[in-house]
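When reading the values below, keep in mind they use all heavy atoms of this one structure, side chains included, and skip hydrogens, waters and symmetry mates. Residue numbers count from 1 along this sequence.
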Amino acid sequence: MKPDESAPLLVNFWAARGESAERLAVAGLSNIGAQARDAKHMESMSAFVRQMFIDAGLAEDDVVLDRAVPGYYRRSKEWDVVATYKGQLVGVVEMKSQESSPGNNANNRIEEAVGSSVDAQAVQDLTGAYGDLGVWAAWCMTFNRDVDTSDAVLYKRNRLPLFKVDDEFIPMTYASQYAIAIQRFISRGVYNAGWMLTTWVNPDKTIGYEEPVPTATAETLRTQIEARVRFALQALP
């Protein structure tokens with residue numbers, strides 16, 4: 001991500017997250033868990049990715065936020081960014097964040113990601129509902145480093161795995177598990193593209209960030225979106 005993009009984008013992310021916490025407190029809701037359902041803090045991230053499709057050549061009306069497409073194992077799936085061209089699917093993008101309680105949610109997020117990809121591919125393979133361009137999907141995670149632990153995540157007592165665990169997960173933090181998952185999503189073709197952004201607030205209130213997966217940065221995502229849009233414009237003249 002370019003420095004001139006990262007500063008306003010992440011400032012907006014953290015500012016919206018703070019406003020979200022205040023709204024939930026006023027409403028008498030817990031800041032943990034409920035905040036994930038109050039998704040204002042992710043609006044700037046979704047808009048940022050939406051603009052990538054527009055910059056690549058799609059019209060603004062062709063790229064929408066928070067819209068559903070047909071499912072196969074479920075009626076429909078709402079994606080954060082949906083891009084179309086001439087009535088055919090160009091791409092869908094899932095924007096996720098982990099801001100608190102990763103121990104409760106991290107595995108579920110990864111399982112949901114795999115399921116969404118499998119569901120979308122099944123729809124296309126069996127019904128062709130998305131058009132002639134096939135499925136193109138990306139998965140993005142913004143991770144709050146402040147909720148992670150520098151210590152390895154341990155197994156619950158008496159719940160050690162019955163078989164040998166992949167050495168790449170030893171030792172493991174929640175951030176590193178997300179990074180490994182996204183890298184493998186891309187390398188295995190579960191998703192066509194991804195973005196892993198880890199961010200935190202420094203003691204002086206400045207905002208830091210890193211992109212720990214070389215194949216899943218803002219720039220690699222932009223490059224892959226540009227290629228996909230170019231393909232769509234050529235294939236559907």
Side-chain angles (χ1 to χ4, degrees), residues 39 42 45-46 49-98 105-142 163 166 168-169 177-196 213-218 220-237:
M42 288 299 292
M45 309 297 290
S46 296
V49 173
R50 173 180 180 264
Q51 190 62 42
M52 291 183 184
F53 284 96
I54 296 169
D55 291 343
L58 293 183
E60 291 196 10
D61 290 345
D62 287 335
V63 193
V64 295
L65 302 179
D66 301 323
R67 293 293 293 273
V69 300
Y72 182 74
Y73 298 102
R74 52 189 165 182
R75 182 180 64 180
S76 61
K77 156 67 179 169
E78 188 172 285
W79 294 82
D80 295 289
V81 183
V82 180
T84 61
Y85 181 63
K86 294 189 174 181
Q88 302 201 37
L89 183 69
V90 176
V92 288
V93 183
E94 183 90 340
M95 307 293 301
K96 288 295 187 182
S97 67
Q98 183 75 71
N105 299 316
N107 285 343
N108 290 341
R109 294 274 169 84
I110 294 171
E111 291 165 7
E112 289 168 2
V114 174
S116 293
S117 174
V118 170
D119 192 38
Q121 194 59 58
V123 171
Q124 184 62 19
D125 289 346
L126 296 170
T127 73
Y130 302 149
D132 296 333
L133 303 179
V135 177
W136 188 98
W139 198 81
C140 307
M141 167 57 65
T142 301
F163 303 94
D166 189 329
E168 193 169 352
F169 289 107
Q177 179 172 253
Y178 275 127
I180 292 168
I182 292 177
Q183 187 274 326
R184 291 182 176 184
F185 285 165
I186 296 168
S187 67
R188 298 285 299 173
V190 178
Y191 283 88
N192 302 92
W195 184 17
M196 174 74 183
V213 184
T215 56
T217 67
T220 62
L221 178 61
R222 189 193 309 276
T223 297
Q224 289 161 306
I225 287 174
E226 289 172 348
R228 177 64 173 179
V229 171
R230 187 165 60 252
F231 166 69
L233 297 178
Q234 291 174 351
L236 303 171

Checklist entry - Between Ile110 and Ala181, which heavy-atom pair has the shortest distance, and what is it? => result CD1-CB, 3.9 Å
Checklist entry - If every non-hydrogen atom of Ala193 is compared with every non-hydrogen atom of Leu221, which pair is closest and at what distance? => result CB-CD1, 3.8 Å
Next on the checklist: What I'd like to find out is whether the side chain of Ile54 reaches to under 4.5 Å of the side chain of Val63, using heavy atoms alone.
Outcome noted: yes
Checklist entry - How far does OH of Tyr178 sit from OG1 of Thr142, to the nearest 0.5 angstrom? => result 11.0 Å
Checklist entry - Would you say the side chain of Asn107 lies within less than 4.5 Å of the side chain of Gln177, judging by non-hydrogen atoms? => result yes
Checklist entry - Stepwise, does the side-chain contact (heavy atoms from CB on, under 4.5 Å) test hold for Met141 with Ile182? => result CA-CA 9 Å; Met141 167 57 65; Ile182 292 177; 3.9 Å; yes
Checklist outcome for this item: Between Val81 and Ser46 the two heavy atoms that sit nearest each other are CG2-O, 3.8 Å
Checklist entry - Is a side-chain N or O of Gln224 found less than 3.5 angstrom from the main chain of Asn192, in a donor-acceptor match? => result yes
Checklist entry - Is any side-chain heavy atom of Asp166 closer than 4.5 Å to a side-chain heavy atom of Arg184? => result yes
Checklist entry - Can you tell if the side chain of Gln183 reaches within under 4.5 Å of the side chain of Arg188, non-hydrogen atoms only? => result no
Checklist entry - Where does the angle between the aromatic ring planes of Trp139 and Tyr191 fall among parallel (under 30°), tilted (30 to 60°) and perpendicular (over 60°)? => result tilted
Item to check | Beyond-backbone contact of Arg74 with Ser116, side-chain heavy atoms, under 4.5 angstrom | outcome: yes
Checklist entry - Which heavy-atom pair separates Val229 from Ala56 by the least distance, and what is that distance? => result CG1-O, 3.5 Å
Next on the checklist: Could you tell me if Gln88 and Tyr130 have a donor-acceptor pair between their side chains, going purely by distance under 3.5 Å?
Outcome noted: no
Item to check | Atom of Pro70, atom of Val123 and distance for their closest heavy-atom approach | outcome: O-CG2, 3.6 Å
Next on the checklist: Rounded at 0.5 Å granularity, tell me how far OG1 in Thr217 sits from CH2 in Trp195.
Outcome noted: 9.0 Å
Checklist entry - Distance from Thr215 atom OG1 to Phe185 atom CZ, nearest 0.5 Å? => result 12.0 Å
Next on the checklist: Using salt bridge (Lys or Arg N to Asp or Glu O under 4.0 Å), reason through Glu94 and Lys77 one step at a time and then give a plain yes or no.
Outcome noted: CA-CA 10 Å; Glu94 183 90 340; Lys77 156 67 179 169; 3.0 Å; yes
Checklist entry - So do the side chains of Trp79 and Val93 get within less than 4.5 Å of each other, counting heavy atoms only? => result no
Checklist entry - Is there a side-chain contact (heavy atoms from CB on, under 4.5 Å) between Val118 and Tyr73 once you walk through the steps? => result CA-CA 9 Å; Val118 170; Tyr73 298 102; 4.2 Å; yes
Checklist entry - For the atom pair CE (Met52) and CZ (Arg222), what is the distance rounded to the nearest 0.5 Å? => result 4.5 Å
Item to check | Arg50 side chain to Glu60 backbone, donor-acceptor under 3.5 Å | outcome: yes
Next on the checklist: Would you say that Trp136 contacts Val92 through its side chain, given a criterion of any heavy-atom pair below 4.5 Å between the two side chains?
Outcome noted: no
Checklist entry - For the atom pair CG (Leu236) and NZ (Lys86), what is the distance rounded to the nearest 0.5 Å? => result 6.5 Å
Checklist outcome for this item: On a heavy-atom basis, the closest approach of Thr220 and Pro214 is CG2-O, 3.5 Å
Item to check | Presence of salt bridge, Glu226 and Arg228, under 4.0 angstrom | outcome: no
Next on the checklist: Between Leu133 and Leu89, is there a side-chain heavy-atom distance shorter than 4.5 Å?
Outcome noted: no
Next on the checklist: Rounded to the nearest 0.5 Å, what separates atom CG in Leu65 from atom CG in Asp80?
Outcome noted: 8.0 Å
Checklist entry - Looking only at atom types and distance, does a side-chain atom of Asp119 sit under 3.5 Å from a main-chain N or O of Gly71, one as donor and one as acceptor? => result no
Next on the checklist: Using a 3.5 Å distance criterion without hydrogens, assess whether the side chain of Ser117 forms a donor-acceptor pair with backbone atoms of Val190.
Outcome noted: yes
Checklist entry - Can you list the steps and then say if Val90 with Phe231 is a side-chain contact (heavy atoms from CB on, under 4.5 Å)? => result CA-CA 9 Å; Val90 176; Phe231 166 69; over 6 Å; no
